[in-house]
Amino acid sequence: MSNVVSNNTSEVQSDVKKVVLPKTSESEHLKRIRHTTSHVMAMAVQKLFPKAQVTIGPWIENGFYYDFDSPEPFTEKDLKAIKKEMAKIIRRKLPVVREEVSRDEAKSRIQAINEPYKLEILDDIKGDPITIYHLGDEWWDLCAGPHLESTAELNPDAIALESLAGAYWRGDETKAQLQRIYGTAWETPEQLTEYRRRKEEAIRRDHRKLGKELGLFVFSDLVGPGLPMWTPKGTLLRSTLEDYLKQEQIRRGYLPVVTPHIGRVDLFKTSGHWQKYRDDLFPMMADGDEARQHEDGFVLKAMNCPFHVQIYKSELRSYRDLPLRLAEFGTVYRYEQSGELGGLTRVRGFTQDDAHLFVTPEQLDDEFLKVVDLIQTVFHALNLTNFKARLSFRDPDLDKYIGGDDAWEKSQNAIQRAVETLGLPHFMGIGEAAFYGPKLDFMVQDALEREWQLGTVQVDYNLPERFDLEYVAEDGSRQRPVMIHRAPFGSLERLIGILIEEYAGDFPLWLAPVQIRLLPVTESHLPFARQVAADMRAQNIRAEVDESGERLGKMIRNAEKAKIPIMSVVGDKEVEAQALSIRTRASGELGQIPIAEVTERLAAAIANFSNF
RNA sequence: GCCGAUGUAGCUCAGUGGUAGAGCACUCGAUUCGUAAUCGAGCGGUCAGGGGUUCAAAUCCCCUCAUCGGCUCCA
C-alpha cells in the first residue's frame, strides 16, 4: 500500500543509505581535491601528449576542468588513457609543493618551457609574489591553490573524466579554440557513485525525454530545428498556463492586443534591432533584387515591442491613459546559432507572454513593483521556488548599448530601488542588460543544473526616444513616457520545459493535460464511463476514457506511466452505486465516492490549484 | 557558428564486411477480466541523406543534415 510510487520514476527509495554530497563552494577540502586532481590530469595529459599546452583549470560546482591547446584532438579513448596515467601519478604519492617566486622568475621559468598561454595568465595575475604548485619535481603550474599535500590523498576510484568539449581561450570566439576536459573528483568512491546516480536521475527528468514519453510536443526534421510542435496534450498544458496568466493580467489592468508575425525592416531599423540583430533574424523576405538591395522587405518578428509601440502611437495619448499595459502572447522567431538549440529551453520559434507598459516617469517605480509582484504570484502558483533574481545591468566598458548614460542611470536605479523596497534577494549580472535597457531577470535551473532566464522585467527609456513617443501631460505639455517590457513566463516553451523537469512530469491537477481517466473493467462498462466523462467535461474537467479494451491492470499501468493524477475504475459495483472508485497517483486508492461528489471535488481542486 | 560524440522499426535498443533483429507500441483474433504488463498471429526498416572503397557495406572512408555534451551568443 505504501508504495504507490511508480517503479519507473526516480524517487529515492527510503531503504537506500543516503550519501551526502558536499558542495565545492562550501568545502575547502573538496576544493583542494579538485584543484589537485585537475593538476594531476594536466600532468597526465602532457605526459601522453607532450605537445599539449596547459592553460587554465579551475574547480567547478560538480568537478573541475582543464583547457589544453593540443595539435591533436583528444578522443574518448584518450580519456581512458589519461585516467590510467592519472592513477599512476596518484599511486606515486607525489608531494604537492607550493613555491613563491618573483614575477621575473616566473616569467623566465615559463619561457624555459615555452608555454605562451602561461605568460598571458601571468600578466593577469595582480601583485606579487607569484605562487607555483609542483607535483613532485616533474610538473608545475601557476596556481593560486589551495591544494592537498600529496597526490596520495586522492583516490582514483573517486575520480572520473567525464567529457570533452571545445572552449575558446579566454571565452572569446575570435581567439584559439582549446580542448576542455571535464572531470569530477570526490572524497570517496561512494560520493562518486551517488553523484552518478543523481546525474542518471536528472536525465530521467529531462524534459526532452519526458516530453516524448508523455506526448506533449514533437520536432520534425522537415519542419526544422528548434521549431517545436505542440500535440493535443501539450497544447492543453500550454493553454491552461495561458488562460491562467490572461486572467491574472485582466485583473491587473492589462489590455490584450494581437500583432502580426512579420513587419517591415524599417520598423526594426527604427527600434535598433535590425542594426543589432540582423544576423539573428530569419532572412528577409523581399520582392525582387531591387527591393532586397534597398532592404525594402519584411522579416519575421523576433520581439513584440515595436508592434506594441505602434499601437501606442496610433492615437494621441493623455496622461489619463497611463499606465497603458498592452499584453500579447506573441510568437517570435530568432535564428539562433545551430549549436545553441536544445529541447524547449532554446528554440527558434517561441511564444512570449509579453507586455509593454507605457508609464509616466512618476509611475515607473510603482508599476515596476506591480510587475515584480505579478511575477512572484505566477512563480508561486507554479510552485517554482528555486529561482534567483538577477540585476542585469550594462557593462560600462562595452559599447553595445544604445542611449545616454542618464537614461541608463535612471533605469538601473529604478530596478535597484525595486529590489530594495521588496527585500528581494538578488545578484548582479554586469553586462547582462538588453541593448536598450537594464533588466531584472528571474533565473532558474534545469534538471542538469543549467541556468535559464524565465521571467524578466526591463526598464526602457530608449525605445520611447527612438519612436518619439509622447503623451499629453496635465499642463498640456508633450511628455515622453517610459516603457516597461515584461514577461513573467519568459517564453511558454522554456517555461514548460522547466516545469516538466521541476515536476518530473507529474503535473499538479490544475495543469495536468488529462486530469482523470476512467477505466472500464470490461467493455460493457464503456457507455457508462463515456457518459461520466462527458458530464465531467461539461464541468471543464479534463476527463477521458480508456478505450483500449485491455484488462484493468494494464489500464492502470498505462495511466500511471502517463502520470495521470486521478484514475477511476468503473465496473458493475460503480454502475450499481452511481459512484466511482478513485485511485490517485499521489495517495493510491481512495475507495468509492459518489459521482456528483467526485465531480464537485475535482472542479473545486482545479479552481484552487490544489490536489483532489 | 566552433570542438567532440551520436544517428538501425512509432519508442527503447542489439547487430563491426557475407540474406536486417528483440521488447514495447500498432492491427487482427481469442479472452470479458476489479487496482502496475492475458495469450496468439500479423504489420512495420532506402540501417538519417548523398557519394566513395569492396565480389559484397548498417558495419570502412568523404560530404551534408539532425540530435546530444560543451564553448560562444541570447532582444
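Quick note on labels: first sequence line is chain A, next is B, and so on, each numbered from 1.
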Q | Atom P, compared across B/rG34 and B/rG70: separation rounded to whole Å | A | 49 Å
Q) Do A/R325 and A/F358 meet the cation-pi criteria used here (NZ or CZ under 6.0 Å from the six-membered ring centre, within 45° of the axis)? A) no
Q: With sequence neighbours left out, write down each residue that passes side chain to side chain contact (heavy atoms under 4.5 Å, CB included) with A/K233, or none if nothing qualifies.
A: A/L216, A/T231, A/P513, A/V514, A/E544
Q | Pair assignment for B/rC47, Watson-Crick or G-U wobble, requiring both distances under 3.5 Å | A | none
Q. In terms of ring plane angle, is the pair A/F268 and A/H273 parallel, tilted or perpendicular, where the classes change at 30° and 60°?
A. perpendicular
Q.
Whether A/R494 engages the ring of A/F489 as a cation-pi pair (distance to the six-membered ring centre under 6.0 angstrom, angle to the ring normal within 45°) should be assessed.
A. no
Q) In terms of side-chain heavy atoms of A/L552, which of B/rA75, B/rG4, B/rU35 is nearest? A) B/rU35
Q | Distance, P atom - from B/rA9 to B/rC47, rounded to whole angstrom | A | 10 Å
Q.
Please determine whether the number of non-hydrogen atoms from other residues, nucleotides or ligands lying under 6.0 Å from atom CG of A/D399 exceeds 12.
A. no
Q: Using the P atoms only, state how far B/rC3 lies from B/rA57, rounded to an integer number of Å.
A: 31 Å
Q: Would you mind checking if A/R334 and A/D280 are paired as a salt bridge, meaning a charged N to carboxylate O distance below 4.0 Å?
A: no
Q) What string of B, S and - do you get for nucleotides 38-50 of chain B, 5' to 3', when a contact is any protein heavy atom under 4.0 Å? A) B------------
**Q.** Rounded distance in Å between the P positions of B/rA66 and B/rA48
**A.** 16 Å
Q: May I ask you to check whether over 12 heavy atoms, not counting those of A/E576, lie within 6.0 Å of atom CD?
A: no
Q.
Quick check on B/rU12: is either OP1 or OP2 less than 4.0 Å from any side-chain nitrogen or oxygen of A/K212?
A. yes
Q. Taking for each residue the nucleotide of RNA chain B with the nearest heavy atom, is it A/Q352 or A/G571 whose nucleotide lies nearer the 5' end?
A. A/G571
Q | Interatomic distance where CG belongs to A/L398 and C1' belongs to B/rC74 [whole Å] | A | 15 Å
Q. Quick one: which of B/rG34, B/rG4, B/rA75 gets closest to the side chain of A/P73?
A. B/rG4
Q.
On the side chain of A/R346, is there an atom forming a donor-acceptor pair with the base of B/rC73 - under 3.5 Å, no angle test?
A. yes
Q: Figure out the CD/C1' separation between A/E547 and B/rA25, and round it to whole Å.
A: 18 Å
**Q.** Partners meeting side chain to side chain donor-acceptor pair (under 3.5 Å) with A/E547 (sequence neighbours left out)
**A.** A/R530
(Q) Would you measure the distance from the C1' atom in B/rG18 across to the matching atom in B/rU27 and give it in whole Å? (A) 35 Å
(Q) Could you tell me the Watson-Crick or G-U partner of B/rG23, where both distances fall under 3.5 Å? Say none if there is no partner. (A) B/rC11
Q. Of all the nucleotides listed (B/rG34, B/rA75, B/rA36), which has the minimum atom distance to the side chain of A/E560?
A. B/rA36
Q) Of the candidate nucleotides B/rU32, B/rG34, B/rA36, which contains the atom at the shortest distance from the side chain of A/E523? A) B/rU32
Q.
What's A/K439 touching, base or sugar-phosphate or nothing? Going by heavy atoms closer than 4.0 Å.
A. sugar-phosphate
Q | Given RNA chain B, 5'-ward residue of the pair A/Y335 and A/N558, judged by closest heavy atom | A | A/N558
Q: Round to the nearest Å and state the distance from A/M443 atom CE to B/rC74 atom P.
A: 13 Å
Cut-off 3.5 Å, no hydrogens considered: what does the side-chain donor-acceptor table look like for residues 159-166 of chain A, sequence neighbours left out?
from, atom 1, to, atom 2, distance (Å)
A/E162, OE1, A/Y195, OH, 3.0
A/E162, OE2, A/K199, NZ, 2.9

Q) Rounded to whole angstroms, how far apart are NZ on A/K561 and C1' on B/rA37? A) 8 Å
Q: Report yes or no: is the cationic atom of A/R34 (NZ for Lys, CZ for Arg) under 6.0 Å from the centre of the six-membered ring of A/F64, at an angle within 45° of the ring normal?
A: no
Q) Considering every strand shown, what is the Watson-Crick or G-U wobble mate of B/rU38 when both distances are under 3.5 Å? A) B/rA30
Q: Select base, sugar-phosphate, or nothing to describe what A/S581 touches, counting heavy atoms under 4.0 Å on all strands.
A: base
(Q) Expressed as a whole number of angstroms, how long is the span from A/R557:CZ to B/rA37:C1'? (A) 5 Å
Q | Distance in angstrom units between A/H356 NE2 and B/rA75 P, rounded | A | 13 Å
Q. Once you round it to whole Å, what is the distance between C1' of B/rA75 and CD of A/Q453?
A. 10 Å
Q) Across the strands shown, which category fits A/A302 at heavy-atom distances under 4.0 angstrom: base, sugar-phosphate, nothing? A) base
**Q.** Candidate nucleotides B/rG34, B/rC74, B/rA5, ranked by approach to the side chain of A/Y277 - the nearest
**A.** B/rC74
Q | Residue A/E173, side-chain heavy atoms: nucleotide from B/rU35, B/rA75, B/rG1 that is nearest | A | B/rG1
Q) What string of B, S and - do you get for nucleotides 64-71 of chain B 5' to 3' if you count protein non-hydrogen atoms under 4.0 Å? A) --SSSBBB
Q | Spacing between A/I556 atom CD1 and B/rG34 atom C1', to the nearest angstrom | A | 8 Å
(Q) Under 3.5 Å for both donor-acceptor distances, Watson-Crick or wobble: does B/rG18 have a partner, and if so which one? (A) B/rC55
Q) Roughly how far apart, to the nearest Å, are B/rG7 and B/rA14 at atom C1'? A) 15 Å
Q) Is there a donor and acceptor pair, one atom on the side chain of A/E574 and one on the base of B/rG34, closer than 3.5 Å? A) yes
Q: Kindly write out the residues that satisfy salt bridge (charged side-chain N to carboxylate O under 4.0 Å, His left out) with A/E213, not counting sequence neighbours, or none if the list is empty.
A: A/K209
Q) Above 12 or not: heavy atoms from other molecules or residues under 6.0 Å from CZ of A/F467? A) yes
Q. Given the C1' atoms of B/rG15 and B/rA20, what is the spacing between them in whole Å?
A. 8 Å
**Q.** Pair A/R170 + A/D124: basic N to acidic O under 4.0 Å
**A.** yes
Q) If the P atom of B/rA56 is compared with that of B/rU19, how far apart are they to the nearest Å? A) 15 Å
Q) Is there a Watson-Crick or G-U wobble partner for B/rU6 with both distances under 3.5 Å, and which nucleotide is it? A) B/rA66
